[in-house]
Amino acid sequence: MKAKMALSKQPYKGARDFYPPDKRLQKYIFAKWREVCESFGYEEYDAPILEPLEIYLAKTGEEIVKEQTYLFQDRSGREVVIRPEMTPTVSRMVAAKRQELSYPLRWYSIPNLWRYERPQRGRLREHWQLNVDLFGVEGMEAEYEVISLVDALFKSFGAKPDMYEIRLNSRKLVDDALAGYLSLDGKEAHGVSKLIDKLHKMDRAKFVSAVDKVLKPKSREAGITEKLLALLDVRKIKELPGELKDHPSAAELAQMLNTLSDAGIKNARFDVTLMRGFDYYTDVVFEVFDTHPDNNRSMLGGGRFDGLVGLFGVQPVPTVGFGWGDVTLTNFLELHSLMPDLPPETDIYAAVVGDVVDQARKPIASLRRGGVNVAVDLSGRKVGDQIRAADKKGVRYVLVVGEEELKSGKLTLKDLDTGKEQKLSPSEIIKKFKE
RNA sequence: GUGGCUGUAGCUCAGUUGGUUAGAGCGUCGGGUUGUGGUCCCGAAGGCCGUGGGUUCAAGUCCCAUCAGCCACCCCA
């Protein structure tokens with residue numbers, strides 16, 4: 001007879017179990033995200049994890065959605081997708097209450113998102129993403145505010161300016177550079193922009209030959225390839241060639257970099273090669289790069305997308321927003337030694353000496369009413385073993401409760417960090433923990 | 001979806017050219033006498049060698065398949 005196949009103890013592919021220490025880290029990250037967003041006046045919202053397929057088809061290609069999402073039919077045959085991103089959802093929500101919401105609207109959310117693909121470094125099938133959006137502001141003040149918020153977020157995790165770099169570009173500027181300055185037609189421009197997106201993944205010669213393949217003979221002969229290469233080497237806005245220097249978006253970007261610099265944000269720079277896909281961004285785009293050599297990648301990305309709310313049949317609402325995944329953030333914190341040492345939520349581990357569990361309940365209950373988190377050892381083991389259990393769990397304080405303490409009303413509070421003991425009444429203990 | 005690398009104890013890994021009962025460190029649990037942890041000493045538990053098939057007198061070791069993990073590509077919302 002064959003043995004039964006054992007059940008797998010592994011979590012689903014590309015998804016994670018969160019044991020208490022993992023969950024503590026997640027709570028830490030979420031708390032920082034919430035704290036900083038709320039300090040800028042952003043309000044938290046949420047939505048269902050399931051959306052109808054159509055909501056994604058409107059802005060992304062059908063094939064991509066069908067191949068890279070969790071797509072299935074519900075019992076009534078509706079096509080349902082587990083949300084792979086939050087932007088369509090939040091656009092839907094804003095569109096639904098387009099008239100009654102008051103702008104500017106500052107919203108954030110921390111949804112879990114799913115995508116169907118092979119997991120790799122920095123990318124799992126399920127992740128949590130901070131989504132921040134500012135609706136209803138047409139001018140660059142919106143970009144400025146959102147980028148300031150991004151910077152404040154990084155600083156809240158203890159990041160130093162040399163650990164990350166904020167890169168800015170403008171889709172309008174790039175579009176005009178390709179169509180106007182380089183005189184490319186639509187097809188050429190699309191192909192070239194895709195290549196620019198992959199620029200850093202190939203060497204110069206390979207890039208040039210790929211560009212030559214995309215360009216029509218007429219463009220090649222006109223020396224467009226050389227012109228393009230020169231453009232991509234531009235590092236500063238004022239180095240932009242010809243009419244691009246006077247482009248309104250260039251002026252706006254320059255202005256914003258100045259404003260950011262005045263505000264003490266000096267690790268931001270213009271990057272003409274920054275593309276961020278090619279679909280729904282309408283003007284400014286930005287990304288935050290990890291400067292650590294082992295993780296030289298984009299961690300966070302966003303920009304202006306003024307057209308999405310309008311897809312729901314209402315008047316469009318200008319929007320600037322970004323998304324930041326927990327996986328890339330965790331990699332960042334690890335590589336830069338910014339991982340916090342997080343103790344458990346328990347303040348006190350109560351060791352009960354002798355057969356006095358019943359009598360110990362009252363003083364312990366009063367501690368809890370006073371806001372102190374108390375776990376009670378119910379094992380009846382020797383005190384030493386109970387203290388060891390507290391130490392192993394990482395709880396700093398042990399409360400020893402025995403005949404002596406119950407008689408005197410003064411409980412023994414031991415600090416495992418210092419090894420010192422104090423005899424305190426429950427109210428004194430509560431006072432101590434309130435500090 | 002494509003390709004590469006890797007699967008031995010909870011974790012990190014040893015395991016000779018295939019050759020008896022599978023090894024270490026860390027961790028876990030117990031003990032070192034009855035109200036005090038971390039260090040130290042002693043001991044124990046814990047392995048279908050990822051899974052299935054094949055070659056062989058003999059497989060952790062060789063071959064095939066499969067699953068899983070990692071990395072890269074594709075894609076990136």
Side-chain angles (χ1 to χ4, degrees), chain A residues 2-16 19 51 55-69 81-91 111 113-125 127 129 131 194 197-198 201-202 275-281 285 287 294-295 297-303 305 308 321-325 327-328 349-356 377 379-406 411-421:
Chain A
K2 271 196 178 171
K4 252 188 202 168
M5 179 115 70
L7 288 168
S8 172
K9 294 184 276 291
Q10 302 221 302
Y12 176 74
K13 185 182 181 75
R16 291 161 288 170
Y19 286 87
E51 289 280 0
I55 198 177
Y56 302 106
L57 295 182
K59 78 172 241 281
T60 322
E62 183 164 351
E63 279 180 26
I64 290 175
V65 174
K66 293 204 166 164
E67 282 167 17
Q68 304 204 2
T69 62
V81 172
I82 304 182
R83 61 186 176 198
E85 58 165 328
M86 202 57 168
T87 305
T89 299
V90 70
S91 301
L113 308 175
W114 288 80
R115 50 190 158 208
Y116 193 84
E117 64 176 354
R118 277 171 74 160
Q120 59 186 291
R121 180 169 172 80
R123 250 186 128 178
L124 302 174
R125 284 184 168 185
H127 71 128
Q129 189 184 64
N131 256 257
K194 287 268 181 199
D197 205 21
K198 292 180 202 164
K201 285 187 182 174
M202 46 182 121
M275 286 289 140
R276 283 205 64 65
F278 198 56
D279 42 14
Y280 63 76
Y281 290 104
V285 289
E287 290 192 348
D294 293 345
N295 195 41
R297 60 183 296 156
S298 165
M299 292 183 280
L300 172 160
F305 45 99
L308 278 186
F322 68 88
W324 188 8
V327 183
T328 50
Y349 193 85
V352 181
V353 186
D355 192 17
V356 295
D377 191 301
S379 67
R381 286 176 291 188
K382 290 182 296 189
V383 197
D385 289 337
Q386 297 189 45
I387 291 173
R388 195 186 345 222
D391 186 46
K392 212 162 284 172
K393 286 176 193 297
V395 179
R396 181 169 170 186
Y397 291 94
V398 168
L399 190 71
V400 182
V401 188
E403 302 279 0
E404 236 175 77
E405 285 80 4
L406 290 167
L411 308 174
T412 305
L413 186 69
K414 179 172 176 124
D415 180 340
L416 295 187
D417 281 2
T418 62
K420 286 185 182 151
E421 285 186 12

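Every chain is numbered from 1, with letters handed out A, B, ... down the list of sequences.
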Interatomic distance at C1', rU2(B) relative to rU28(B), whole Å: 43 Å

Can you tell me how far P in rC11(B) sits from the matching atom in rC70(B), rounded to whole Å? 14 Å

Dot-bracket, RNA chain B: Watson-Crick or G-U, under 3.5 angstrom, [ ] crossing, | other strand? (((((((..((((.....[...)))).(((((.......))))).....(((((..]....))))))))))))....

Rounding to an integer number of angstrom, what distance separates rG30(B) and rG46(B) when you compare their P atoms? 16 Å

Around atom OH of Tyr19(A), are there more than 12 heavy atoms from other residues, nucleotides or ligands closer than 6.0 Å? no

For rA59(B) and rU16(B), measure between their P atoms and round to the nearest Å. 16 Å

Can you check the Gln68(A) CD to rC73(B) P distance for me, whole Å? 14 Å

Is there any protein nitrogen or oxygen under 3.5 Å from a nitrogen or oxygen in nucleotides 28-30 of chain B, and what are the pairs?
unit_1	atom_1	unit_2	atom_2	d
rC29(B)	OP2	Lys392(A)	NZ	2.9

Quick one: do Arg388(A) and Asp385(A) make a salt bridge, cutoff under 4.0 Å? yes

Name the nucleic acid region contacted by Lys382(A), choosing base, sugar-phosphate or nothing; use a 4.0 angstrom heavy-atom cut-off, strictly under. sugar-phosphate

For nucleotides rG47(B) and rG23(B), find the distance between their C1' atoms and express it as a whole number of Å. 11 Å

Name the nucleic acid region contacted by Glu404(A), choosing base, sugar-phosphate or nothing; use a 4.0 angstrom heavy-atom cut-off, strictly under. base

Using the C1' atom in both, what is the distance from rU8(B) to rG69(B), to the nearest Å? 15 Å

Using atom P of each nucleotide, how far apart are rA22(B) and rG50(B) to the nearest Å? 15 Å

Is it the case that Glu405(A) and Thr412(A) place a side-chain donor and acceptor less than 3.5 Å from each other? yes

So, does Arg276(A) get its side chain near the phosphate of rA77(B), meaning an N or O under 4.0 Å from OP1 or OP2? yes

Look at the aromatic rings of Phe305(A) and Tyr281(A) and report parallel, tilted or perpendicular, splitting at 30° and 60°. perpendicular

Separation between the P atoms of rU61(B) and rU20(B), rounded to whole Å: 14 Å

Describe the nucleic acid contact of Glu405(A) in one word from base, sugar-phosphate, nothing, applying a heavy-atom distance below 4.0 Å. base

